[in-house]
Amino acid sequence: MADEGQKPTVAGDVWASISEFYPYGDHPPRLAAGINDTPTNVRSVAQFAKIKNTHTPLNKKKADAEGKEYEVPQRDVFDKAAIADGSAIVEITEWIEKRLKGETLFDMFDSAWLSQLGPLAKWSPTMSAEDQWAMKLAELFMGVTYAGIGPVHGFGGPQKRGPTGELGPTPAKAFRGSEYTLWEPFVFSRFEKQRNLYEGEAYDIASWQEPVPPGVTKTEPNNDPAIPISVACQHMSTYAVLSRGFPLASMGNWTTPCTALMASDSCKDLVLFKPKKSESEKYVHKGTGISWDGARGKYLTPTQDLLKVEKAIAEGMGPGSIVTYDPDHGATLKETVWMTPYELKKHGPDPVKIFGAFYKSRSTVEGTGVTFSKDWTVANRKSELLSDIADKQAALALAESKPNKLPKDDKQIEQLKMDIAALEAQKGTDDISKRTAVPSPGGKQYDGSHIYAVLRVSPDKTSVQLMDVNSKGNLGALKETNSETIIARQGGEGIIDGGVEWKSLYNDSNGFAGIGVLPEHTVTMAEVAHMKRARPVGLARLVLTNRVPGEQKGGPAQLQASDVLYVSKMFRMYGDGPEENHYVSHLLWSLRNSPGFTNVQPWFCVFVPLGLLAKCMWAHGARSMTLGDFVARHRPGGSLLKGDYDFNIVLTNEGLAPRAGLVALHARARTRPEGQKTVREWKPLEPPGPIMSKVNPAWVENQKPPQSLAWNQSYVSPDIKLDETKLPKRFSGGG
C-alpha cells in the first residue's frame, strides 16, 4: 500500500528552495514545466541520487545555481512477489486515485505550480482572477490532441425518435430553422456561461436519455459546462475568448451566425471586433435571430510595426486577444500560377496545396500570370531537386540504421528508394519552358493559416505569453530552461502552455493578418469558477506493464504481450461532483513518481466518444450518466460498439534518472488535411502493440476471441493473483 510517510524529492526546506535549481529568469509561469520540475512525493522506499544542476541560468544573478547538487528519485522497484500477488497493482492504483482526488498537499494538482513560484511572482504578483484564469486555461487544455472538435466525434446528422422509439435522421436544421449544420457551435455552446435553448434547434440535446431537440425556448445558467479533449488552433483561441465570459453569439457576423474564431483574416468581420456605429446598434443575424448587443473590441490592421510586441500591447493587445495569420491575406484571388512539370508533381495536383505554397512565397508577376517561385531559374530548380534528393537519402540512411526493424520500417525504406529513383530520373528532364497554368481555387484555408491567443502580458508591457497549439515557439521557450521533458517523447510536439514572445510576434512569410482585441472587461472569480466546473468529454483506461529495457533507453517500447500486467475497465474523465474533472494534465500529474516506476510502467490510454455516445456525453446534465447507463438505454446488446469511441492519447512516465518518475505525453492521434480529405494518424509514436491490442476500440460482440476488451472488461496477467475488489472503484467498476 502507499506509504503515508511519503517524502518530497528535494531535501531541506522545500518551500524556500522550490525554484532554486530551475532558474527561469524572466520567463512566465508554465504548467508544462511545473508538472515535472516541481518536487513532489515519492514512496519512502525509493532510492535517491545526487545530480548536478545542468541548467543554464537565464538570469545572471542566479549563476551560482549552476553546478549545485540536488536529489532526484533514481530507483523504485517492486519485488516479484508484490507483482505476483497483485499488491503492486493495488498500490499503484491507490497512488493514482489519491493524486486525482488531491487527498494531500503533494497530491493536489495545484502543487504542480510550486516550482513556478518565481515566475508567478514576476508575471502574476497579485494572483488576481486574471492570473488564475491563465493558470486554469493551461490546466484545461494542456496535453489535448490536435483535431477538429466537430469531426473528431463523428456526430452525424441530428436524430429524433420515431413512433416506436427507434432513432432516425431529421432534416439538418441546426440554428432555429436554418440549414447551418456544423457541430462546432453546439460544442462551443456547452462551455458558455448561459445555456440557450431554442425550440426546434437540432444541435441541442434534451438529455442523455433522449438525444433529440428540446421542445422549449429558454435561457438559464449553464451549470454543466463541458470541453473537448481535441482542439485545433481556431478552437483553442475560441475557448480563450469564451472562458473570459464572451458568448459565442459575439463571434458571428451578419451572414454567418456564430461559428467562432477562424484561422484567417475573416476574424476582422466578426461582431466582437467591429466597433459600433452608434450606441444603439445591435447585431442580429437575420436567418437565426441570434443577437449580440454587448461591448465591442477592435481589429488591428496588420503592419510590420504591429509585429513588435511593445507596439501591439500599446495598441491594446492583452490576455484573450487573438493574432491571425492567413497566407492569402490581401490576395486578389484571381491569380494564376505557372508551374513546371517538376513543380506540379511536387506541389500538386491539388490547387489548394499549390496556392498555399505560392502565397507563402508571394511570387512575382510574369506575363499574364505569375511564376510559382520568386526569381525562378533552371539553376534554382535543380538546386531544389538536389536538396529533395539529399533529404530523402538522409531519411533512408536513418531508416536503414534503425535496430529491430518492423514491417512498417521496411515499407518506409522501400518507398524512400522509389522516391529517390524518381527524383534522380527528373534531373535534366524537366523543361522549365513547359509550364501549366493553375488558376486560384479562391478563398480557402491554406497551409500556413494560423491563430493563437494571448495568455499573459508581462508587467513591464514588453512581452507576452501565448496559448498556442503550435509547439515550435513553446518548445523553444521550454528548452531554454531544460523543462521540455513533458513533450520529449513526442519530438517536441504537443499542445502546451510554453510560448513566450520577447520582442516580436510570429512573422509567417508575410501571412500576418492582424490582431483581434477584446472589449474592455474584467475577469472575475465567477469566470474561474465556471472553468473549474467544465468536464472533459473523454474516456480513459489505466494500463500497467513491465518496463522493458528498450523503454528505459528512451526509444519505442518493445513490449511483448506477456509484459502487459493489468488493464482497467474504461471510465469517464469526470465524476459526479461539479469539480471532479480530470483533464489530460491531471492524468499526467497522477502518474508522477508512481510506485515501482523502475520496473512497472503506467500508461493512461485516452479515448473520444463517437456518434450517439458522444451526443449523450455532451448533453446538458449528462455528468451523472455512466457508461452502464448509456449501454442499458441505447445498446440492447449490452456493450459499447466499435463506432462508439476512438483511441486518442497515450500518457506515461519515465524510468531512469535523471528523468525517473517524470511524466510524458507519449503519443497522440492527430488529424491533418490531405487535399480535400482529413487524415488521422498517430504522430510521432504509436501506442505499443500489446497495449493497442487490448484497448483499441475494435470490440465485436460475440466474436471469439474478441478483438479487444469490452468497456466493462479488465485484464489481469495470468501470472498475477489480483483481488480487484481492493482497487479504487474508478478502476474496478469502470463507467
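Keep in mind it's a predicted model, so treat the numbers as computed, not measured.
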Notebook entry, point to check: With side chains defined as the heavy atoms from C-beta onward, is the minimum distance between Ser590 and Phe604 less than 4.5 Å?
Noted result: yes
Checklist line | Positive for ring pair (Phe, Tyr, Trp, His ring centres under 6.0 Å) with His153, one of Phe607, Trp618, Trp183, Phe186 | finding: Trp618
Checklist line | Validation row: His620, Asn222 side chains within 4.5 angstrom (heavy atoms) | finding: yes
Note to self: Side chains of Ile89 and Leu727, heavy atoms from C-beta outward: is any pair under 4.5 Å?
What the structure shows: yes
Margin query: Quick check for you: to the nearest 0.5 Å, what is the distance between Leu539 atom CG and Cys605 atom SG?
Written below: 12.0 Å
Next item on the list: Please name all residues satisfying salt bridge (charged side-chain N to carboxylate O under 4.0 Å, His left out) with Lys193, sequence neighbours left out, ordered by chain then number.
Entry: Glu527
Margin query: Apply side chain to side chain contact (heavy atoms under 4.5 Å, CB included) to residues Met570 and Tyr645 and explain how you reach the verdict.
Written below: CA-CA 11 Å; Met570 184 178 286; Tyr645 62 102; 3.4 Å; yes
Next item on the list: Over all heavy atoms of both residues, which pair between Ser624 and Asp576 is shortest? Give the atoms and the distance, please.
Entry: CA-OD1, 3.7 Å
Notebook entry, point to check: Are Met617 and Tyr574 close enough that some pair of their side-chain heavy atoms sits under 4.5 Å apart?
Noted result: yes
Note to self: Is there a side-chain contact between Trp208 and Arg633 in this structure, where contact means two heavy atoms from C-beta onward sitting under 4.5 Å apart?
What the structure shows: yes
Check: If we only count heavy atoms from C-beta on, is the Phe155 to Val187 side-chain gap below 4.5 Å?
Finding: yes
Check: Which atoms form the tightest heavy-atom contact between Asp224 and Ala619, and what is the distance?
Finding: OD2-O, 3.7 Å
Item checked: Check: Asn593 and Asn41 side chains under 4.5 Å, non-hydrogen atoms -> no
Item checked: Distance, nearest 0.5 Å, that separates CG of Leu261 from OG of Ser237 -> 6.0 Å
Note to self: Under the rule for salt bridge (charged side-chain N to carboxylate O under 4.0 Å, His left out), what residues qualify as partners of Glu192, not counting sequence neighbours?
What the structure shows: none
Note to self: Donor-acceptor pair, distance only, cut-off 3.5 Å: does the side chain of Asp76 make one with the backbone of Phe597?
What the structure shows: no
Check: Can you tell me how far the CG atom of Asp79 sits from the CG atom of Asn599, to the nearest 0.5 Å?
Finding: 9.0 Å
Check: Can you list the residues that meet the salt bridge (charged side-chain N to carboxylate O under 4.0 Å, His left out) rule with Glu681, with sequence neighbours excluded?
Finding: Arg672
Notebook entry, point to check: So do Thr485 and Glu654 actually touch side chain to side chain, heavy atoms under 4.5 Å?
Noted result: no
